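For reference, the structure discussed in these notes is given below.
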Amino acid sequence: MRFFSDNAAPACPEVLAALTAANVQDTAYDGDALSQSLDARFSELFETDAAVLWLPTGTAANCLALASLCPPYGGVVCHREAHIQADEAGAPEFFTHGAKLLLAEGAGAKLTPDAIRAVIDRIKPGVHWTQPHAISITNATEYGLAYTPQETAAIGALAKERGLGFHVDGARFANALVHLGCTPADLSWRGGVDALSFGFIKNGGMGAEALVFFRPDLAQAARVRRKRAGHLQSKGRFLAAQLHAMLDGELWLRNARAANAGAALLAQAAGPRLLHPVQSNALFLKATAEEAASLRAQGFGFYDWAPGEIRVVVSWDQDAAAVRPLADAIARL
């Protein structure tokens, strides 16, 4: 009964079937038909021209996006608890060849235009100070909160006003979207987003993420960077096949709805223990060390997040029957 992370979830049967179907001789790298058709497939999904690169990890997708938006001497505004700051081992600085992360504050790891201005307005012009070149947000955030289309657009307007690139780390983009009931376009380019790291692995994929550029002019340099970074896989059709399989029949939405539904069931049981609203598939709960130990003794796995706090994440394959025992155990605390 593991609720550590959706990274540990199985791959969907449909994804595994797509890998088998792709197991034929084809053009190497990204020259195969599946890879070559990604731009059109995602352009249809997002209702605008998009250029798409497959990548094997979310870290690579995030960092190649930032390298495309920010020069080595520039800065990227992000939340102090953003994944690119707290959990990627300096990879953004590595991929950008030295760009600085400019850290902002905000409840629930969510940025606002005012929080961004508080960082960039105090930076003097001139060669002595790192100048901002991009903004990066996480949707859903590190605390499971969803940026609405209006919130995204407000940050996008600020980015346009200040001449900054705008990136979204969408490791759980699907979970945020189904919570809000909006379209992919509403949470991306319509809000001024230039690049989206579109997560599939947490949502039932096996080993493929999509880096979606809504400024296709950025994509060619990103392809060179992907090769230089060692992420251009020779049999790229197996990554492309996973992305197509997740989009087929809206599998990515089905999986996200299932994970969110499990989180909502747990939220009902948790009640006043909730530290943040549940707007995706992650919950953050108040629990003493003794209470956490009691849950673990019953066979439940999860992360200690901070003193007196635990994190529980529901995966796409954990239905109501899988979640109910934990909900009952939380209610009994």
Side-chain angles (χ1 to χ4, degrees), residues 50-53 55 58-106 109-139 141-142 147 151-171 187-198 211-226 228-229 231:
V52 181
L53 285 70
L55 285 159
T59 296
N62 284 337
C63 297
L64 284 174
L66 296 178
S68 301
L69 296 172
C70 184
Y73 51 82
V76 177
V77 181
C78 68
H79 195 277
R80 183 173 299 280
E81 296 184 77
H83 198 273
I84 60 172
Q85 160 64 15
D87 295 283
E88 292 187 339
E93 294 88 341
F94 177 78
F95 275 75
T96 60
H97 298 280
K100 184 179 179 64
L101 298 182
L102 306 172
L103 306 183
E105 306 291 344
K110 183 181 280 191
L111 293 184
T112 65
D114 285 345
I116 296 167
R117 290 189 191 97
V119 172
I120 63 178
D121 284 353
R122 65 171 181 257
I123 299 173
K124 302 174 185 178
V127 298
H128 299 286
W129 303 278
T130 300
Q131 301 300 313
H133 282 259
I135 300 167
S136 179
I137 65 172
T138 311
N139 201 10
T141 76
E142 285 67 29
Y147 283 91
E151 290 169 329
T152 303
I155 294 174
L158 175 60
K160 183 176 181 180
E161 173 193 330
R162 301 297 181 93
L164 307 176
F166 187 11
H167 165 251
V168 172
D169 175 354
L187 289 184
S188 56
W189 64 271
R190 285 192 183 130
V193 174
D194 297 308
L196 166 68
S197 306
F198 192 169
L211 174 51
V212 184
F213 287 106
F214 302 106
R215 287 172 49 193
D217 59 294
L218 297 172
Q220 187 52 42
R223 291 188 177 97
V224 175
R225 288 188 173 97
R226 176 176 65 175
R228 189 167 181 262
H231 287 300

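No experiment lies behind these values; they were computed from the predicted model shown.
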With the side chain counted from C-beta on, respond yes when [X] and [Y] share a heavy-atom pair under 4.5 Å apart, and no when they do not.
| X | Y | result |
| --- | --- | --- |
| F213 | L53 | yes |
| S188 | F214 | yes |
| L211 | V52 | no |
| L66 | S136 | yes |
| I123 | Q131 | yes |
| H167 | L196 | no |
| L102 | K100 | yes |
| Y147 | K110 | yes |

Heavy-atom closest contact ([X] atom, [Y] atom, distance):
| X | Y | result |
| --- | --- | --- |
| R117 | D114 | NH1-OD1, 2.9 Å |
| C78 | Q85 | SG-CB, 4.2 Å |
| E105 | L111 | O-CD2, 4.0 Å |
| V77 | A104 | CG1-CB, 4.3 Å |
| S68 | L64 | OG-O, 2.8 Å |

| Can you find a side-chain donor-acceptor pair between S197 and D169 that sits under 3.5 Å? | no
| Any salt bridge between D194 and K160, counting N to O under 4.0 Å? | no
| For H133, what residues pass the ring pair (Phe, Tyr, Trp, His ring centres under 6.0 Å) criterion, not counting sequence neighbours? |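 Once residues adjacent in sequence are excluded, the partners of H133 under the ring pair (Phe, Tyr, Trp, His ring centres under 6.0 Å) criterion are Y73.
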| Crowding at CZ, R228 (>12 non-hydrogen neighbours, <6.0 Å) |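 It does not: R228 CZ has 12 such atoms or fewer within range.
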| message | If the condition is side-chain hydrogen bond (donor to acceptor under 3.5 Å, both in side chains), which residues does E93 pass it with, not counting sequence neighbours? | response | none
| said: What verdict does the side chain to side chain donor-acceptor pair (under 3.5 Å) test give for H79 and T138, after you've listed the backbone C-alpha separation in whole Å, the side-chain angles of each residue and the deciding distance to 0.1 Å? | reply: CA-CA 9 Å; H79 195 277; T138 311; over 6 Å; no
| message | Using the rule given for side chain to side chain contact (heavy atoms under 4.5 Å, CB included), can you reason through F198 versus V168, listing the C-alpha separation, both sets of side-chain angles and the distance that settles it, and then say yes or no? | response | CA-CA 8 Å; F198 192 169; V168 172; over 6 Å; no
